[in-house]
Amino acid sequence: MRRRPESSSTAPDTSAKKSSGTSKTDEEAKLNHGIQIRTARRSGFTWLTLFAVIVYSSWAVYQYQYENLPVPLTAEQAGKRGFSEVAAMKHVKALTELGPHTIGSDAIELALQYVLAELENIKKTAHWEVDVEVDLFHVNVGATRLDSGMFVDRTIIYSDLDHIVLRMLPKYAPEARENAILVSSHIDTVFSTEGAGDCSSCVSVMLELARGISQWAHGFKNSVIFLFNTGEEEGLSGAHSFITQHPWSTTIRMAIDLEAMGIGGKSAIFQAGPHPLAVETFASVAKYPSGNIIFQDIFSSGVINSATDFQVYREVAGLSGLDFVYADHGAVYHTKNDKLKLLKSGSLQHLGENMLAFLLQIATSSHLSKANATVDDIQSSHDTAVYYDILGQYMVIYRQRFANMLHSSVILQSLLIWTTSLLMGGSTAAVSLAFSCLSNILMWIFSISFSVLAAFILPLISSSPLPYLSIPWLVLGLFAAPAFLGALIGQHLGYLVLKRYLSNVYAKRKQLSPAIQADLIKLETERWLFKAGSLQWLVLLVVGTYYKIGSSYLALVWLVPPAFAYGLLEATLTPGRLPKPLKLATLWMGLAIPILASAGQFIKLTTVIIGLSVRFIRHPGGTPEWLPSVGLSLFIAAVICLTLVYLLSYIHLSGAKTSIVLSTCILFALSLAVVFSGIIPPFTEETARAVNVVHVVDTTGGFGEKPNSYISLFSFTPGKFTKEVEEIKEGFVCGRHKAIDYVTFSVKYGCLTYDGTEEGWDESNIPTLDVVKDINGDKRITQVKIDTKRSIRWFLAINTEEIEDFTFNVGLEELVAADGKRSIDGWHTIQASGGKNAPTKFELTLFWLQNSTRRSAKMVQSEQRPLLRIRTDLPGVVTPKVETVLEKLPPWYSLFGKSTSPHTLSFLSSLPIDF
């Protein structure tokens, strides 16, 4: 039997106990005799196989979790009580054939008539014990201000809206009227798309659900209300008008919203709560559960500048519930490519079967009233839900209170293990831990630096700063390869520093030969790097638990299995054990559960970020072109540093370092070559660049001046127009020479032409801002009459550096009271839209700040900030010049619409401070 000396990480320094003389030398020789250090033998083939298995496993998880859709059922297969995608697709086809159906258009009236006719048919064929009520609800006028999100700095005005409301309940259980579940989506689209995904698909699912529910509702304890609203695309107006004005709204106890940020795929929960009843019920009955609190945390953080009707139901009505979203092909959102042929087969079946099972369960529940607890009460009690699905087949869900207990338990146990280990190892272990943490820091620094550098290179070698939009997998070579290379180099530098330190420690010990010491040092260093990987996840778990972030379950998943595998296969309680090479079995066992639980989420998040890049810019030209790619590269580098930290610790002792580095460099070089050559275009007809072509009539230059008319071409997608403008011609000049203020945003880079812009508009359509009264007393008050002429869609910005508050009247009705307003950058915006009969004349009363009247005329003139700015749009009007430009746009260009972007004809005007 041979004796093994103590490991450096746990054994105290015993050099003081050595005796002198030749007898001791003989003893050392005996100790070294027969000691064998097993080195790590990991060939390049082994690593190639390992990488291939990990990549394939991650891809397989993603495919099964997000691309595995159910088989569509026909009406015959689904039966009277089931859900049929084939039947629902007929509704999608009918609605998309109408073309874009914005509020105030003829198409939206046809869409409403279609939905109303289908609901009347459902009413006729419903079960004889089911009471079906159909209500065509008209809204005259209303206003709202939300407390958070993208509309926080503005007041939303809406008028002349029509919604369709359907209620189902048992005919012989009238008490079911008092507790209702709301299922809601919007019929209207933006002006640039037929809206197959957003949200004709949602409306069609609701129609088919209503047909099925009409055969079940006789056994319900609660009623089900389906709301087909209009005005969502113009500031969530439909949901607000229903919640605040419809008599049935007081009976609603839970709200379910169906939305789309792309087209098709699996419709997943991306917002839930605050009461967990809805998501818990869904998890228990859904056939294909899909949802993850990661997306909820990201959305609620404000990183994604968007909003859904669920915000209204939660903030204004205080309701809990679920918000579902289609998020595949995010690049087509609000463009011409949101069309029927891109809607994946099985998408509607997935949502429909899940929703049908959920509604049948929740409608028979006697606990529905409990879901109406206030948001503040639920959040203060930490009783929200943490939820995530596994492979789209099973949903894990538990309360935040349990999550806090579970996470705290793991944190305490981890800290106890680390503390014990450091106490046993003494100062050597403490310093080794510090240097292993340094290796993690260097890993992060180098990984981020290399990946971000690649993002900076792209605009220099490509016609577009986003060359990966049409082929998203290019990001593997463009960002993942340099991020991985940087992580490996950074950790290897830390490895060398730690190895140098341990060499100094072992040098003081004369029991072992230099060759044996060298091998022991390498093995000890490898183990410290592996353990440091779990430490960074422990830090994230501590932070996430402290701030009660639901997504911190990821830290738990990536901390516990690797730590368990290490403890089972590598750790020992024997203090004198020599370190051995880490087993590949430890890696397999440690990564199996994390990959299964999170690989699909990371890949899905990457595709969502890529899709968002198409509409990334809020102010065209106001954001560096490289910023979207830098954001994507940072995310990819972070994922690599977090998930591959365990794997990287194995590489340093292998003979495959050179081949790994070379392969990574080749992948990166090939990706750059593909981008530089232009073999793969950044945009295609199905992944189009989001642009706007607007005929602008500008009267902001001053009173008495002739209106300035021009065509403005700009994009919310990063990049220049140089080549495209050469093909379009039409006299466009591109650059930053003229910034255009569209009230809700500014265009700092774009293209302008003044050629042939005098036709297609009339001066009688220019909005007017007339001061009818200006009182200078203790407090200055100014009354302004606003006439938007033919426009039913307009935006007014009020200078809050001069104005303290305001009231807004429609006729004799005070729609907005003087109750304090939020502002951003010194402006509060009124955003208005409505139907064909929406009012166009309003009265605005301004209450000035106390010191405004003391401002000098010279100061006012130098600042050049008007008191009021207004933009009016004429929806559906395309001037001859705009029509010519649209015809010449490349096929990979698409008009882009959103609640704040202009239509094809806009008028700009203003009221100066010194009117």
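The analysis underlying the following values was restricted to heavy atoms, covering all of them including side chains, and did not include hydrogens, waters or symmetry mates.
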Checklist entry - Can you say whether the rings of F530 and Y566 are parallel (under 30°), tilted (30 to 60°) or perpendicular (over 60°)? => result parallel

Checklist entry - Would K898 count as a cation-pi partner of Y333, with NZ or CZ less than 6.0 Å from the six-membered ring centre and within 45° of the ring normal? => result no

Checklist outcome for this item: Residues L556 and P561: closest non-hydrogen pair is O-CD, 3.9 Å

Next on the checklist: Nearest 0.5 angstrom please: S715 OG to I617 CD1, how far?
Outcome noted: 6.5 Å

Checklist entry - Just by distance, do the side chain of D338 and the backbone of G197 share a donor-acceptor pair under 3.5 Å? => result yes

Next on the checklist: Main chain of V630, side chain of S633: is a donor-acceptor contact present, judged purely on distance under 3.5 Å?
Outcome noted: yes

Item to check | Side-chain heavy-atom pair N68, Q63 within 4.5 angstrom cut-off | outcome: no

Checklist entry - Under the 3.5 angstrom rule, does the side chain of T545 hit a backbone N or O of H407 as a donor-acceptor pair? => result no

Item to check | Criterion side-chain contact (heavy atoms from CB on, under 4.5 Å) on L540 and S552, from CA distance to verdict | outcome: CA-CA 7 Å; L540 289 177; S552 57; over 6 Å; no

Item to check | T607 side chain vs K604 backbone, donor-acceptor pair below 3.5 Å | outcome: yes

Next on the checklist: Does any part of the side chain of P718, heavy atoms only, come nearer than 4.5 Å to the side chain of T623, both counted from C-beta?
Outcome noted: no

Checklist entry - Can you name the nearest heavy-atom pair linking S58 to I595, along with the distance? => result OG-CG2, 4.0 Å

Checklist entry - Can you list the steps and then say if T193 with K336 is a side-chain contact (heavy atoms from CB on, under 4.5 Å)? => result CA-CA 5 Å; T193 178; K336 66 180 181 181; 6.0 Å; no

Checklist outcome for this item: Closest heavy-atom pair, G719 versus R689, reported as atoms and distance to 0.1 Å, is O-NH2, 2.7 Å

Checklist outcome for this item: ring pair (Phe, Tyr, Trp, His ring centres under 6.0 Å) with F270: of Y326, F295, Y388, F299, only one passes, and it is F299

Checklist entry - Looking at CG of L752 and OG of S712, how far apart are the two atoms once the value is rounded to the nearest 0.5 Å? => result 5.5 Å

Checklist entry - Taking side chain as C-beta onward, heavy atoms only, is V53 less than 4.5 Å from W588? => result yes

Item to check | Residue among V608, I610, I609 satisfying side-chain contact (heavy atoms from CB on, under 4.5 Å) with T606 | outcome: I610

Item to check | Lys/Arg N to Asp/Glu carboxylate O, K266 vs E67, below 4.0 Å | outcome: no

Next on the checklist: The test is side-chain hydrogen bond (donor to acceptor under 3.5 Å, both in side chains); show your working for E526 and Y650 and say whether it passes.
Outcome noted: CA-CA 7 Å; E526 179 184 60; Y650 277 71; over 6 Å; no

Next on the checklist: Given 3.5 Å as the limit, does a donor-acceptor pair link the side chain of N292 with the main chain of D389, or not?
Outcome noted: no

Checklist entry - With under 30° as parallel and over 60° as perpendicular, where do the rings of W473 and W59 fit, or are they tilted in between? => result perpendicular

Checklist entry - If we only count heavy atoms from C-beta on, is the Y553 to I294 side-chain gap below 4.5 Å? => result yes

Next on the checklist: Run C437 and L535 through side-chain contact (heavy atoms from CB on, under 4.5 Å) and show every step you take.
Outcome noted: CA-CA 8 Å; C437 290; L535 190 62; 3.3 Å; yes

Next on the checklist: Has Y646 got a side-chain atom pairing as donor or acceptor with W558's backbone, closer than 3.5 angstrom?
Outcome noted: yes

Next on the checklist: Pair L596, L391 - check side-chain contact (heavy atoms from CB on, under 4.5 Å), show working.
Outcome noted: CA-CA 8 Å; L596 188 70; L391 298 179; 3.7 Å; yes

Checklist outcome for this item: To the nearest 0.5 Å, atom CG of L713 lies from atom SG of C734 at 6.5 Å

Checklist entry - Is a salt bridge present between R527 and E570, judged by a nitrogen-to-oxygen distance below 4.0 Å? => result yes

Checklist entry - Going by heavy atoms in the side chains, are W444 and L642 under 4.5 Å from each other? => result yes

Checklist entry - Should the pair F745 and Y742 be assigned to parallel (<30°), tilted (30 to 60°) or perpendicular (>60°) ring geometry? => result parallel

Checklist entry - When you look at NZ of K729, are more than 12 heavy atoms from neighbouring residues, nucleotides or ligands closer to it than 6.0 Å? => result no

Item to check | Heavy atoms from other residues, nucleotides or ligands near NZ of K748 exceed 12 (cutoff 6.0 Å) | outcome: no

Checklist outcome for this item: Scanning both residues in full, the closest heavy-atom pair of W47 with L647 reads CZ3-CD1, 3.2 Å

Checklist entry - Taking all non-hydrogen atoms of both residues, which atom of P459 and which atom of A455 are closest, and how far apart? => result CD-O, 3.2 Å

Next on the checklist: Measuring only between side-chain heavy atoms, which start at C-beta, is Y387 closer than 4.5 Å to Q296?
Outcome noted: yes

Next on the checklist: With a 3.5 Å distance limit and no angle check, can you tell me whether T586 reaches the backbone of L582 through a side-chain donor-acceptor pair?
Outcome noted: no

Item to check | Pairs flagged by salt bridge (charged side-chain N to carboxylate O under 4.0 Å, His left out) wherever residues 623-652 is involved - sequence neighbours left out | outcome: E625-K720

Determine all donor-acceptor pairs shorter than 3.5 Å in which one atom belongs to a side chain in residues 659-686; sequence neighbours excluded.
unit_1, atom_1, unit_2, atom_2, d
S659, OG, A656, O, 2.8
S663, OG, S659, O, 2.7
T664, OG1, I660, O, 2.8
S671, OG, L667, O, 2.9
S677, OG, A673, O, 3.0
S677, OG, V674, O, 3.0
S677, OG, I679, N, 3.4
T684, OG1, E686, N, 3.3
T684, OG1, T687, N, 3.1

Checklist entry - Heavy atoms, side chains only, cut-off 4.5 Å: are T717 and V691 in contact? => result no

Checklist entry - For the side chain of S347 and the backbone of G265, is there at least one donor-acceptor N/O pair under 3.5 Å apart? => result yes

Checklist outcome for this item: Closest non-hydrogen contact found for P628 with L466 is CB-CD2, 3.9 Å

Checklist entry - Has L476 got more than 12 heavy atoms of other residues, nucleotides or ligands less than 6.0 Å from its CG? => result yes

Next on the checklist: Taking M150's backbone N and O only, do any of them form a donor-acceptor pair with N305's side chain (distance below 3.5 Å, no angle check)?
Outcome noted: no

Item to check | Gap between atom OH of Y62 and atom CD1 of I603 - 0.5 Å precision | outcome: 7.5 Å

Checklist entry - If you measure from CD1 on I448 to CD1 on I636, what distance do you get to the nearest 0.5 Å? => result 12.5 Å

Checklist entry - Can you tell me how far the CG atom of L541 sits from the CD atom of Q536, to the nearest 0.5 Å? => result 13.0 Å

Could you go through residues 480-498 and list every donor-acceptor pair under 3.5 Å that involves a side-chain atom there, pairing it with any protein atom two or more places apart or in another chain?
unit_1, atom_1, unit_2, atom_2, d
Q491, OE1, S649, N, 3.3
Q491, OE1, H652, NE2, 2.7
H492, ND1, H652, ND1, 3.0

Checklist entry - For H334, does its backbone N or O pair with a side-chain atom of S192 as donor and acceptor, under 3.5 Å? => result yes

Item to check | Heavy-atom side-chain contact between V733 and V725 under 4.5 Å | outcome: no

